[in-house]
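Numbers here simply count residues along the sequence, with the first being 1. Remember, it's 1-based here, ligands and their atoms both numbered in the order they're listed. Hydrogens, waters and symmetry mates are skipped; everything else that's a heavy atom, side chains included, is used.
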Amino acid sequence: KTRVAVLISGSGTNMVSLAKAAQAADCPYEVVLVLSNIEDAAGLQKACDLGIEAVSVPHRAFGKDREAHEKAVHAELQKRDVQVVALAGYMRILTPWLVREWEGRMVNIHPSLLPLYPGLDTHARAIAAGDTEAGCTIHIVTEGMDEGPIIGQARVPVMQGDTPDMLAERVKEAEHRLYPQILSNFVIQSCN
Ligand code: GAR
């Protein structure tokens with residue numbers, strides 16, 4: 001099985017869906033590491049509960065030196081022979097250095113129908129624009145933020161009276177279904 005690390009900053013619900021899918025015998029990947037830049041990210045405990053090694057590499061310890069932080073992250077990945085990195089709510093902009101190290105082997109999930117709404121506050125922006133549809137996108141990570149080749153998308157309706165939180169919840173349910181499928185396809189295509 002392809003050795004996957006999941007990088008998180010927060011609640012880690014997408015990480016849990018990836019890890020649970022990996023428990024199936026025919027899943028082509030296994031989650032060997034969950035790594036967070038936030039020491040007390042709730043997702044780290046969820047990873048431990050699933051029996052997955054969880055580590056934090058706090059960016060604060062490195063001050064403004066983003067590459068030094070990423071070198072520490074990269075070292076953790078290398079130590080576990082990670083083959084593919086899945087970003088799942090990892091709220092750091094990556095430097096070109098890390099992106100190049102993982103070129104073609106790193107994917108990200110973003111809570112909008114890219115190319116619409118790269119960056120933050122995607123749900124509030126979709127509602128403000130009067131969109132009737134929202135969703136999530138999985139893409140290969142390239143140097144431009146939220147810009148790499150799209151490998152999966154799922155759509156959900158925007159309902160009358162939706163708040164950003166309500167829409168975020170609906171999008172997350174779609175994310176949890178989409179990410180394991182698309183990551184499986186990706187590792188089959190890129191690692192065999
Ligand atoms: C997800 O909705 C993901 O798409 C988004 O953060 C959430 C993480 O939730 N990612 C980004 O906004 C990346 N810019 P989770 O920690 O519960 O999986």
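Listed by chain and number, the residues in a ring-ring contact (aromatic ring centres under 6.0 Å, His included) with His74 are Trp97, Trp102 (sequence neighbours excluded). Residues that satisfy the salt bridge (charged side-chain N to carboxylate O under 4.0 Å, His left out) test with Arg155, not counting sequence neighbours, are Glu133.
Near ligand 1, heavy-atom contacts under 4.0 Å come from Ser11, Gly12, Thr13, Asn14, Gly89, Met91, Ile109, His110, Pro111, Lys172, Glu175.
Applying the ring-ring contact (aromatic ring centres under 6.0 Å, His included) test to pairs two or more places apart or on separate chains, none has a residue in residues 120-179.
Between the side chain of Ser11 and the backbone N or O of Ala42 there is no donor-acceptor pair closer than 3.5 Å.
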Let me see the working for Gln83 and Thr2 under side chain to side chain donor-acceptor pair (under 3.5 Å), right down to the final yes or no.
CA-CA 6 Å; Gln83 295 168 286; Thr2 298; 4.6 Å; no
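By the 4.0 Å N-to-carboxylate-O rule, Lys71 lies close enough to Glu67 to be salt-bridged with it.
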